[in-house]
Amino acid sequence: MVCVTMTMKKLLTVTSNRIFFGIHMEKVPTFNVKLPSRSFTKRFMMESVPPELPADTVRRIAAELNCHPTDQRVALHLDEEDKLRHFRDYFYIPKMQDLPPIDLSLVNKDENAIYFVGNSLGLQPKLVKTYVEEELDKWAKIGAYGHDTGKRPWITGDECIVGLMKDIVGANEKEIVLMNGLSVNLHLLMLSFFKPTSKRYKILLEAKAFPSDHYIIESQLQLHGLNVEKSMRIIKPRQGEDLLRMEDILEVIEKEGDSIAVIMFSGVHFYTGQIFNMPAITKAGQAKGCFVGFDLAHAVGNIELHLHDWGVDFACWCSYKYLNSGAGGLAGAFVHEKHAYTIKPALVGWFSHELSTRFKMDNKLKLIPGASGFRISNPPMLLVCSLHASLEIFREATVKALRRKSILLTGYLEYLIKHYYSKDKSETKEPMVIIITPSHIEQRGCQLTLTFPNSEKNMFEELSKRGVVCDKREPNGIRVAPVPLYNSFHDVYKFVRLLTSIIHPAKTKN
Ligand SMILES: *Cc1c(COP(=O)(O)O)cnc(C)c1O
């Protein structure tokens, strides 16, 4: 208790002059939360926030080790103290020599790559192969008997592993279904939740939403014969800003909520890495009578989620980013239990039917209430296997512990980048590295989005040649995501060193 109080106090002091989770606390008139109560705060925002800000940890450890915070020893020490470091061994880490863009004259070919693109495609858990082989063997040996025998009977393969997803998204098992791909699931959910009327016909979303989400919303509007320009309400950042302000989102909801049918936001923005305050958006939207749903592609496995307690109406996510199930892996969807008997799937198939009578084949639909009723086809067995392997790792590690490490890991990356390339250096003509992602730890997950405004080099290409796996955003931005399951503090250290060797070749002679 004392410990919790101390933590809270410390956090409140350090957060007192900043925007808390994107909301100016004195400006939250649209719902009855002035200052979140301690339980609200603790439950929804700070569960895994460490008692000390990352920069303070880095400085403290440097002082203990009697070295500079940028010294390699700090990274090695952080790794040594990391209770989750053994999880790295659960994954295949690509080797430098196998990466297509590698320049072997610049690296040690046998070393591990610096894999910072787990926000786009997570690494392969070693157990995937075992699980896939188990089902392939079963198929080879017993064919159709595999439908209802073994560790993962194929008919109920998805149901065998759905329990492993519930703590990751904060939902009851009955509120979650594993099926299809993310975009398909978003379409299916929109078909049920978006029922426009002449007064309430808009869909609200953030600017620069992921292309698939943007197209899905466009096509859903067109499906209802609506004018896309009038009905697709996009909230943009203010001029000259990259991030959306929570107060601006709440203002649009307050002003236009009566004409909005569905609010469909991402939980974490794929480009900027900004976390949107899901409980606040849900509360504000529902107070205006809107349905509120989230695309959690970049949130799931990255930050803590409490979909049930937040009262979110629906959500969907893919499993191949932070959840490591492999490209095109089995996606997830959430429908809050309050809708289990009232919101029905618009499109049904035989797997929407209750299991007990499904195979009677009498064509009298007995719809499963809630999320499971949205299934149309039988589950893809091989995809169940890879997701099974990856979700077991999450059960062992827990999102809470991962998030705790993640805050420090990404905080360490931010600390080093700011140390070498902070803004005040812009007056001199020194190269700059700008971090677009919010610096408040409550407003970001693993990922930092970096731009290089006055660099002539193609940073992405230069990093790729040296074994950093990240991704590029035009014109000269990159996204880097140290992932707490398999990235180390030393990865971060090496990355920043490489960055410097590219930007200032003379300063870091090996
Ligand atoms: C990755 C991602 C997708 C991808 O959709 P798929 O159907 O899995 O191909 C969609 N939306 C967002 C926000 C994403 O980040």
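The analysis underlying the following values was restricted to heavy atoms, covering all of them including side chains, and did not include hydrogens, waters or symmetry mates. In each ligand, atom 1 is the first atom listed, and ligand 1 is the first ligand listed. Bear in mind that the values here come from a model prediction, so they are computed numbers and not experimental data.
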Novice: Closest non-hydrogen protein atom to atom 8 (O) of ligand 1, residue and atom name please, with distance?
Specialist: Tyr320 OH, 2.6 Å
Novice: Going by an N to O cut-off under 4.0 Å, is there a salt bridge joining Lys338 and Asp313?
Specialist: yes
Novice: Tell me the protein heavy atom at minimum distance from atom 12 (C) of ligand 1, and give that distance in Å.
Specialist: Phe210 CG, 3.3 Å
Novice: Is the closest side-chain heavy-atom distance between Asn112 and Met96 below 4.5 Å?
Specialist: no
Novice: Checking a contact table here: which protein heavy atom is nearest atom 7 (O) of ligand 1, and how many Å away?
Specialist: Ser183 OG, 2.6 Å
Novice: Please identify which atoms of ligand 1 are closer than 4.0 Å to at least one heavy atom of Asp295.
Specialist: 11 (N), 12 (C), 13 (C)
Novice: Can you tell me which residue and heavy atom of the protein come closest to atom 11 (N) of ligand 1, and the distance to 0.1 Å?
Specialist: Asp213 OD1, 2.7 Å
Novice: Atoms of ligand 1 less than 4.0 Å from His298 heavy atoms?
Specialist: 15 (O)
Novice: Ala297 heavy atoms, cut-off 4.0 Å: which ligand 1 atoms fall inside?
Specialist: 2 (C), 12 (C), 13 (C), 14 (C), 15 (O)
Novice: So, do Met264 and Leu186 sit near enough that their side-chain heavy atoms are less than 4.5 Å apart?
Specialist: yes
Novice: A side-chain contact here means heavy atoms from C-beta on lying under 4.5 Å apart; do Cys316 and Leu188 qualify?
Specialist: no
Novice: Cation over ring, Lys344 on Phe374, under 6.0 Å and within 45°?
Specialist: no
Novice: Could Lys472 and Tyr271 be counted as a cation-pi pair, given that NZ or CZ must be under 6.0 Å from the ring centre and within 45° of the axis?
Specialist: no
Novice: Could you identify the single nearest non-hydrogen protein atom to atom 2 (C) of ligand 1 and state the distance to 0.1 Å?
Specialist: Lys321 NZ, 2.4 Å
